[in-house]
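A short worksheet on the structure shown next.
Scope of the values below: all heavy atoms of this structure, side chains included, with no hydrogens, waters or symmetry mates. Position 1 is the first residue of the sequence; numbering continues from there.
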Amino acid sequence: MKTGSVAAIATGAAAIGIVAVLVLAVPLFSIPAKDENGKRSPLNPVSLLTQRPEQIAPHIVEAAGDKIVSLRLNDTDTLRVIAYTTTKGDIILPIDGLEDGYSRIEYWLWEPIARPLSDSDAAGDGSRIEKSSAMNFTKAFLQRIGYKLDGSEYFIAEPGDISTITVYQTVSGCEGSFQVYGPLDYGCIVANQPTLFHFQADGGWIELRKWYEDVHQKEIKVAGKEATSVAKSFIEEERRKDPEKFEAYGNLTFSDVWQAERKETYKDNLVYAVMVSYLTDKSPEEYHCAPNMNFDVLVSVEDGKALDWRPSACV
């Protein structure tokens, strides 16, 4: 790969990581304590993620037979990221930790990692992908950095000149799976924490998000039907208590609430992300999703408490 290409990709990698980091609010490289009521026990991130970024970076690059060469960026004020040049590429990490999928560690390699997956690899039952050098690298790398595999994970392969293997942890009651392309089973995967491996002929890159020791063992005590009801009541109460927070979304009329299925993590709690839909009087010029305005309400699978809400992506 040419030097100019390296610089451009490195800048792009930094930009991607930076955008994600700007929304961080709570440092999460440490394991949080139980909540004040003692009813909700948080998930435990793997030990690697309990360390500081400057300790994490060497472990990650060593898993690819690489070494840190020099500090490239240490922005503790504005961007809150730290980046290192390595013998094979570049790694960038958020200083404040990986918060619920909105941030990631990006590790770029300027030399081949493994052969990209081809369409012919996906023929038949896809067993050639499962035995490919790309899949072998993916599994070995995760194990080396302490992202433990217990057979309950979902592996999604996408062949191409830039081919991707995405790995999701799953919740209790779900079995491991391998598939080429989609669709995703949102009732099983931890949807906001995908780990991705991208392979191309002259290099590739890895995106690491949170990985937990115990997410697959976490008991889901709250049924989806209950979480759905809690979500609707919660967002309506939030609108009543603090209408100013919702003014930017226009005049809202309740439309529907989606059955709770999608699982995510929020501040190291396993939650349902329940979508509550409204109609808004905003025009598409004012808001690109109009006339629809949707909110995700995050409901604990453990005690059924709504922990927070956010505007959701257009659907």
Side-chain angles (χ1 to χ4, degrees), residues 28 31-32 40-50 59-60 63 98-101 104-105 114 117 121-122 125-158 163-199 206-224 227 259-274 298-303:
L28 278 175
I31 298 175
R40 195 181 315 117
S41 55
L43 298 167
N44 293 311
V46 294
S47 61
L48 177 73
L49 301 181
T50 66
H59 286 292
I60 291 174
L98 302 176
E99 171 62 14
D100 301 316
R104 57 196 172 202
I105 297 168
L117 305 171
D121 292 326
D125 61 1
S127 59
R128 278 185 285 182
I129 289 180
E130 292 192 86
K131 299 175 182 177
S132 67
S133 59
M135 184 64 78
N136 289 338
F137 176 88
T138 297
K139 291 181 177 180
F141 183 91
L142 290 172
Q143 296 279 27
R144 287 172 192 150
I145 65 172
Y147 278 39
K148 299 173 185 176
L149 303 175
D150 62 11
S152 65
E153 297 78 20
Y154 269 37
F155 289 82
I156 316 293
E158 299 177 59
S163 53
T164 300
I165 295 175
T166 305
V167 190
Y168 290 95
Q169 289 190 285
T170 62
V171 300
S172 64
C174 295
E175 297 180 355
S177 173
F178 165 76
Q179 62 191 68
V180 181
Y181 302 112
L184 296 175
D185 184 348
Y186 286 107
C188 277
I189 64 171
V190 181
N192 66 328
Q193 301 289 5
T195 289
L196 296 96
F197 290 76
H198 307 279
F199 303 92
I206 301 165
E207 302 174 37
L208 297 173
R209 291 179 175 82
K210 273 204 165 178
W211 198 269
Y212 293 96
E213 298 276 6
D214 52 354
V215 67
H216 189 70
Q217 290 74 41
K218 174 66 67 175
E219 182 181 358
I220 298 176
K221 300 178 180 178
V222 176
Q259 179 65 35
E261 180 184 30
R262 180 185 174 101
K263 312 296 193 308
E264 297 187 1
T265 59
Y266 174 75
K267 295 183 179 178
D268 291 339
N269 290 282
L270 185 62
V271 299
Y272 289 100
V274 186
L298 308 178
V299 180
S300 169
V301 305
E302 202 165 3
D303 61 9

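- Side chain of Ser172 to backbone of Lys218: a donor-acceptor contact under 3.5 angstrom is found.
- For Asn136, there are no side-chain hydrogen bond (donor to acceptor under 3.5 Å, both in side chains) partners at least two apart in sequence or on another chain.
- Partners of Ser127 under the side-chain hydrogen bond (donor to acceptor under 3.5 Å, both in side chains) rule, at least two apart in sequence or in another chain, are Asp125.
- The OG1 atom of Thr166 lies 5.5 Å from the CD atom of Glu158; values are rounded to the nearest 0.5 Å.
- Residues passing the side-chain hydrogen bond (donor to acceptor under 3.5 Å, both in side chains) test with Ser152 are Asp150, sequence neighbours excluded.
- Separation of atoms OH (Tyr168) and CG (Leu184) is listed at 4.5 Å; rounding is to 0.5 Å.
- No side-chain heavy atom of Lys263 sits less than 4.5 Å from a side-chain heavy atom of Tyr186.
- Pairing each heavy atom of Gly224 with each of Ala260, the nearest pair is O-CB, 3.3 Å.
- Partners of Ser177 under the side chain to side chain contact (heavy atoms under 4.5 Å, CB included) rule, at least two apart in sequence or in another chain, are Tyr154, Gln179.
- Applying the ring-ring contact (aromatic ring centres under 6.0 Å, His included) criterion to Tyr272, with sequence neighbours excluded, gives no partner residue.
- Partners of Lys139 according to the salt bridge (Lys or Arg N to Asp or Glu O under 4.0 Å) rule, which considers only residues two or more places apart in sequence or in another chain, do not exist here.
- Under the 3.5 Å distance criterion, the side-chain polar atoms of Glu264 are left unmatched by any main-chain donor or acceptor of Asn192.
- Taking the ring-ring contact (aromatic ring centres under 6.0 Å, His included) definition, one finds that His198 meets it with Trp205, sequence neighbours left out.
- Among the candidates Asn44, Val190, Thr170, the single residue satisfying the side chain to side chain contact (heavy atoms under 4.5 Å, CB included) test with Val215 is Val190.
- The shortest distance between side-chain heavy atoms of His216 and Gln169 does not fall below 4.5 Å.
- Listed by chain and number, the residues in a salt bridge (Lys or Arg N to Asp or Glu O under 4.0 Å) with Glu219 amount to none (sequence neighbours excluded).
- Rounding to the nearest 0.5 angstrom, the gap separating the CD1 atom in Ile220 from the CD atom in Glu302 is 10.5 Å.
- When side chains are defined from C-beta on, Gln193 counts as touching Thr265, because their heavy atoms get closer than 4.5 Å.
- One finds a salt bridge joining Arg104 and Glu207 here, because a Lys/Arg side-chain nitrogen approaches an Asp/Glu carboxylate oxygen to under 4.0 Å.
- Taking Glu130 as the reference, nothing meets the side-chain hydrogen bond (donor to acceptor under 3.5 Å, both in side chains) condition, with sequence neighbours excluded.
- With sequence neighbours left out, the ring-ring contact (aromatic ring centres under 6.0 Å, His included) criterion links Tyr147 to Trp211.
- Residues Leu196 and Arg209 come closest through the heavy atom pair CD1-NH1, 3.2 Å.
- The CZ atom of Arg128 lies 6.0 Å from the CG atom of Asp121; values are rounded to the nearest 0.5 Å.
- Checked against side chain to side chain contact (heavy atoms under 4.5 Å, CB included), Ala157 has the following partners two or more places apart in sequence or in another chain: Leu117, Ile129, Phe178.
- Within the model, atoms NE2 of His59 and CD1 of Ile145 stand 11.0 Å from one another, a figure rounded to the nearest 0.5 Å.
- The nearest pair of heavy atoms linking Pro45 to Asp268 is CG-OD2, 3.9 Å.
- In terms of heavy-atom proximity, Gly187 sits nearest to Val171 at O-CG2, 3.7 Å.
- Not counting sequence neighbours, the partners of Phe137 by the ring-ring contact (aromatic ring centres under 6.0 Å, His included) test are Phe141.
- Of all heavy-atom pairs between Ser47 and Thr50, the closest is O-OG1, 2.6 Å.
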